[in-house]
Amino acid sequence: MAHVRDEFEAITESAPLVDELRRRIAASGPITFREFMAAALYHERHGYYPARPQATSRGGDYVTSPEVHPVFGALVGRQLAEMWRALGSPPAFDVIEQGAGAGLLARDIIRRSLRQDPDFAAALRYHIVEPIPALRAAQQRTLEREPGAGAAVRWHDTLPRQITGCVLSNELVDAFPVHRVFRDGSGLHEVYVGVEDRRFVERLAPPSTPRITSYFDALGLLPGEGCYAEVNLEALDWMRDVAAALTRGFVLTFDYGYDAADLYAPWRRDGTLLCFHAQSASSDPFVRIGKQDITASVDFTSLRRAGEDAGLRTLAFTGQASFLVRLGIGEAVAAARDTHPDSMEEYFARRRVVMDLIDPGRLGRIKVLLQGKDAPPTPLTGFSGDA
């Protein structure tokens, strides 16, 4: 039976990565869940993202908003152009995208600018931060197929400095490796990963860093007793880096998440950790290692405060549904009917897309956080009425 199990594992998970993790644990003892998640997602050869650049596609493991329809990128592009004008239409406007997937959002923003807003297009300087070679190659292929887009983008391994414009991310922060914790009557424990009978298993031990305790102290709350929860320290470090890199402009963050009081509510017994494979969700990170995505919802309270502590001002916080409706997604659907009056098929196809993007049970539940530095308090259309 062991031979059959080994063959099954080789098909359903990355055997070299599993073996490496087992050896690491055998040599040094259990590792934090954060270390396990970082290896499962970002190992340079066998991690999920380096090995599966096609993951964010309709045939992949999950679908993001840019993958659903170009209207998402067009509306984000409209908001970026409004930001540029709010800053006084500088001759160069940087858009720095991290977590660009296959490059579809960049493509659609640039396409909209070239076709509908040539003044903004002339100022637009699009940068993608992508250290993973396979993903960078996928982005380059996407943009090379769009006239004028490939030459408009520069790639970086790390965040550039002296940014005037907007740092943009879509479903980036929820993919950062997280610490997992568990609270019981004796206090707060961290989840570690050990090996038992060649299987990965949870082990509870004291927190690996005092930053975990400090994280909850700053919030003035703890997860409910008997609850698991996730702590995304990397998100706070990332936001501080972004704030330091931004000279003037905005930070626009799209992601799944909640305010801290909701994220760590006592009824949320198992936390928010989710795994995705073949567009199906599960809660078991110890299967399909290296071949499934792992995410955890963002604590927007802590993320917002990290930006504020680093010199950003929080300008607005809203849901993706409201953001897209205010920017005119309804008009985009109506335009399909007016442009193709003899083809109701195109109209209904776009209508279905809109429902995906604004459905509160699907992509519509994504949150949108807007922060700024040295940016005028000019109301932006996507956030009108939010604060």
Side-chain angles (χ1 to χ4, degrees), residues 1-2 5-6 8-10 12-43 46-49 174-217 219 221-237 263-277 281-299 302:
M1 290 299 293
R5 184 175 68 185
D6 290 344
F8 177 75
E9 288 178 351
T12 60
E13 60 192 21
S14 173
L17 178 57
V18 169
D19 289 343
E20 182 176 322
L21 287 167
R22 285 173 178 157
R23 288 194 300 270
R24 187 191 307 181
I25 293 168
S28 305
I31 60 176
T32 64
F33 182 83
R34 188 219 164 272
E35 292 175 88
F36 174 87
M37 183 173 171
L41 294 182
Y42 297 106
H43 186 282
H46 309 301
Y48 176 77
Y49 288 114
D174 71 347
F176 288 161
V178 296
H179 296 266
R180 290 205 86 200
V181 297
F182 178 76
R183 183 190 174 200
D184 63 14
S186 62
L188 195 67
H189 313 276
E190 184 165 2
V191 175
Y192 291 72
V193 180
V195 174
E196 183 177 297
D197 188 25
R198 304 187 74 245
R199 297 292 185 184
F200 295 105
V201 294
E202 290 185 357
R203 297 281 186 258
L204 297 180
S208 61
T209 168
R211 290 186 67 191
I212 294 175
T213 303
S214 298
Y215 183 96
F216 288 107
D217 287 345
L219 289 172
L221 55 76
L222 282 170
E225 188 167 342
C227 291
Y228 286 88
E230 295 79 36
V231 177
N232 193 338
L233 298 179
E234 194 164 325
L236 310 188
D237 298 336
L263 183 66
Y264 299 118
W267 55 263
R268 206 180 290 279
R269 308 285 294 180
D270 297 318
T272 63
L273 197 77
L274 283 175
C275 306
F276 294 92
H277 178 77
S282 78
S283 59
D284 188 351
F286 299 143
V287 299
R288 294 185 288 272
I289 297 166
K291 294 191 177 183
Q292 68 174 0
D293 191 23
I294 308 173
T295 73
S297 293
V298 175
D299 168 10
S302 295

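With a 4.5 Å cut-off on side-chain heavy atoms, Y192 and I31 do not count as touching. Counting heavy atoms from C-beta on, the side chains of R211 and D237 come closer than 4.5 Å. With contacts defined as side-chain heavy-atom distances shorter than 4.5 Å, the pair L273/Y228 does not qualify.
The minimum heavy-atom distance between P177 and E234, with the atom names listed, is CD-OE1, 3.5 Å. Of all heavy-atom pairs spanning L17 and G290, the tightest one is CD2-CA, 4.0 Å.
By the 30° and 60° cut-offs, the orientation of the rings of F36 relative to F286 is perpendicular.
A donor-acceptor contact closer than 3.5 angstrom links the side chains of T272 and E230. A donor-acceptor contact closer than 3.5 angstrom links the side chains of E20 and H43.
Side-chain atoms of R183 never come within 3.5 Å of backbone atoms of C227 as a donor-acceptor pair (strictly under, hydrogens ignored). For Y42 (side chain) and M37 (main-chain N/O), no donor-acceptor pair under 3.5 Å exists by modelled atom type. At distances below 3.5 Å, at least one donor-acceptor pair connects side-chain atoms of R22 with backbone N or O atoms of R198. Judged by distance alone, the side chain of E202 and the main-chain N or O of V191 form no donor-acceptor pair under 3.5 Å. A distance-only check finds a donor-acceptor pair linking the side chain of Q292 to the backbone of V287 [under 3.5 Å].
One finds the CG atom of L204 at 10.0 Å from the CD atom of E190 (value rounded to the nearest 0.5 Å).
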For this session: Decide side-chain contact (heavy atoms from CB on, under 4.5 Å) for R34 and T209; before the verdict, give the C-alpha distance in whole Å, the side-chain angles of both, and the deciding distance to 0.1 Å.
Result: CA-CA 12 Å; R34 188 219 164 272; T209 168; over 6 Å; no
Exercise. Taking it one step at a time, do N232 and D299 satisfy side-chain contact (heavy atoms from CB on, under 4.5 Å)?
Worked result: CA-CA 8 Å; N232 193 338; D299 168 10; over 6 Å; no
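For Y264, the ring-ring contact (aromatic ring centres under 6.0 Å, His included) test picks out F216, with sequence neighbours left out. Considering only residues two or more places apart in sequence or on other chains, A40 meets the side-chain contact (heavy atoms from CB on, under 4.5 Å) condition with I289, I294.
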